[in-house]
2 protein chains.
Amino acid sequence: MNIGQASRASGVSAKMIRYYEQIGLVRPAERRDNNNYRSFDERNVNELRFIKRARSLGFSVDEITNLLSLWRDRARPSRDVKSIADQHVAELEGRIAEMQAMADTLRHLSGCCAGDDRPDCPILADLASGDPTVGERRREAARPFGG
Amino acid sequence: MNIGQASRASGVSAKMIRYYEQIGLVRPAERRDNNNYRSFDERNVNELRFIKRARSLGFSVDEITNLLSLWRDRARPSRDVKSIADQHVAELEGRIAEMQAMADTLRHLSGCCAGDDRPDCPILADLASGDPTVGERRREAARPFGG
DNA sequence: CTTGACCTTCCAGCGATGGGAAGGCGCATC
DNA sequence: GATGCGCCTTCCCATCGCTGGAAGGTCAAG
């Protein structure tokens, strides 16, 4: 299989396949002698599918590196896999809570805003105040996503 | 005020103040004649606080550009502000739902995983299958955060 | 021979931020 | 006056996961 076929078979774009190889997430694909094209087999495609599914569950490339090596290790303790998953769930929950707090605050402010032609606006008032006691509840200001 | 004092007064790092100026989020600060240092007044600091608060609520720099210009416009219709806020809430909710779906799936899988010395692991099995019918409920695979 | 689909590498960008180098400026102290 | 410290300046690089594009090699069909 060429990269395009592997891409269609796995659902991972050719660009990403090359990228994953470049950063060492997958081992460099074999090359054809005549034209230097990458050559993929079913095994490679399965790995790509694994990666795609893991990405869709929000795992980072680093985490997937670990998951892949556990997957390849027939003697892995399932404890190790579970640990990675649980850690990731905790991180997701943390980020969800942050965004939930943002959304709650904004919903409250928006609910207080007439949303008409008049200029008075509690949303702007909150932003302008910078005072963290105006909104509903917001003890520790959630930092923006990027972390 | 020099940039360091403005930074401490606003809670925005000096690095970010320069960056915000560079990308045009805030107007270029005045410069002192003798040493070319930036010079800030209360108004600038208030703007920086506004930005900081807006960032902490997850608004993008683009959205903040609009919020700032509405803030400066005494004749703004509060409708415009509310619209930006509501749109942002909707986006937050969308991302929360995606991450919630990831977390739900992972919690389910983790709950099915013994997490001991044995190698059998439903988490890996799910990742390996790539089949979207294994997990709990997961119609449209949520794409990872980045968009 | 040309066309078009494929493949290759390399380079640059996104968004918001942190880190650091290399150098100028100002003040205090020896 | 030299030294040192802390502040300021600009500039470039890294993050993370990916997308886009340029410039060029390869291959099969018309």
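For the numbers below, each heavy atom of this structure counts, side chains included, while hydrogens, waters and symmetry mates do not. Throughout, protein chains are lettered first and strands after them, A, B, ... in sequence-line order, and every chain is numbered starting at 1.
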Student: Could you state the CD-C1' distance from A:Glu30 to C:dT8, rounded to the nearest angstrom?
Tutor: 17 Å
Student: Is any side-chain nitrogen or oxygen of A:Ser13 closer than 4.0 Å to OP1 or OP2 of D:dC18?
Tutor: no
Student: Rounded to the Å, how far apart are B:Leu25 CG and C:dT17 C1'?
Tutor: 14 Å
Student: Of all the nucleotides listed (D:dT10, C:dG20, C:dC7), which has the minimum atom distance to the side chain of B:Lys15?
Tutor: C:dG20
Student: Measure the distance from CG on A:Asn36 to C1' on D:dC27 and round it to the nearest whole Å.
Tutor: 15 Å
Student: Would you indicate, yes or no, if D:dC12 has its OP1 or OP2 atom less than 4.0 angstrom from a side-chain nitrogen or oxygen of B:Arg18?
Tutor: no
Student: Under 4.0 Å between a side-chain N/O of B:Asn34 and OP1 or OP2 of C:dG26, yes or no?
Tutor: yes
Student: Between C:dT8, D:dC18, C:dA16, which nucleotide has the shortest distance from any of its atoms to the side chain of B:Tyr19?
Tutor: C:dA16
Student: Could you state the atom-to-atom distance from CD1 of B:Ile17 to P of C:dG18 in whole Å?
Tutor: 12 Å
Student: Could you check whether B:Asp120 pairs with B:Arg118 (Lys NZ or Arg NE/NH1/NH2 to Asp/Glu carboxylate O, under 4.0 Å)?
Tutor: no
Student: Nearest whole angstrom, please: distance from the P of C:dG13 to the CD1 of B:Ile23.
Tutor: 16 Å
Student: Calculate the interatomic distance between B:Ile51 atom CD1 and C:dA16 atom C1'; express it in whole Å.
Tutor: 13 Å
Student: Which listed nucleotide (C:dG26, D:dT10, D:dT26) is nearest to the side chain of B:Arg31?
Tutor: D:dT10
Student: May I have the distance from A:Met1 (atom CE) to C:dC6 (atom C1'), rounded to whole angstrom?
Tutor: 15 Å
Student: Please determine if B:Arg72 and B:Glu47 form a salt bridge, counting it only when a charged side-chain N lies under 4.0 Å from a carboxylate O.
Tutor: yes
Student: One pair to check against salt bridge (charged side-chain N to carboxylate O under 4.0 Å, His left out): A:Arg55 and A:Glu63. What are the steps and the verdict?
Tutor: CA-CA 10 Å; A:Arg55 285 295 300 136; A:Glu63 289 165 326; over 6 Å; no
Student: Please tell me which of B:Val61 and B:Asn35 maps to the more 5' nucleotide of DNA chain C, matching each residue to the nucleotide holding its nearest heavy atom.
Tutor: B:Val61
Student: Under 4.5 Å between any side-chain heavy atoms of A:Arg27 and A:Glu21, yes or no?
Tutor: no
Student: Would you check if A:Val12 and A:Arg49 make a side-chain contact, meaning some heavy-atom pair closer than 4.5 Å?
Tutor: no
Student: Roughly how many Å is it from CZ in A:Arg32 to C1' in C:dC7, rounded to a whole number?
Tutor: 11 Å
Student: Identify the heavy atoms of B:Pro122 and B:Cys112 that sit nearest to each other, and give their distance.
Tutor: CG-O, 3.2 Å
Student: Between D:dC18 and A:Arg55, is there an OP1 or OP2 to side-chain N/O distance shorter than 4.0 Å?
Tutor: yes
Student: Please pick, from C:dG18, C:dT8, D:dT9, the nucleotide with the shortest atom-to-atom distance to any side-chain atom of B:Met16.
Tutor: C:dG18
Student: Between the opening five pairs and the closing five pairs of the helix from C:dC1-D:dG30 to C:dC30-D:dG1, how far apart are the helix axes, to 10°?
Tutor: 40°
Student: So which atom in B:Leu57 and which in A:Leu106 form the shortest heavy-atom distance, rounded to 0.1 Å?
Tutor: O-CD1, 3.9 Å
Student: Answer yes or no: does a side-chain N or O of B:Arg38 lie under 4.0 Å from OP1 or OP2 of D:dT10?
Tutor: yes
Student: Which nucleotide sits closest to the side chain of A:Ile3: D:dT10, C:dC7, C:dA16?
Tutor: C:dC7
Student: Taking the side chain as everything from C-beta on, heavy atoms only, tell me whether B:Ile96 gets closer than 4.5 Å to A:Arg95.
Tutor: no
Student: Among D:dG21, D:dT9, D:dT26, which is the nearest nucleotide to the side chain of A:Tyr37?
Tutor: D:dT26
Student: Is there a side-chain contact between B:Tyr20 and the phosphate of C:dT17, meaning an N or O under 4.0 Å from OP1 or OP2?
Tutor: yes
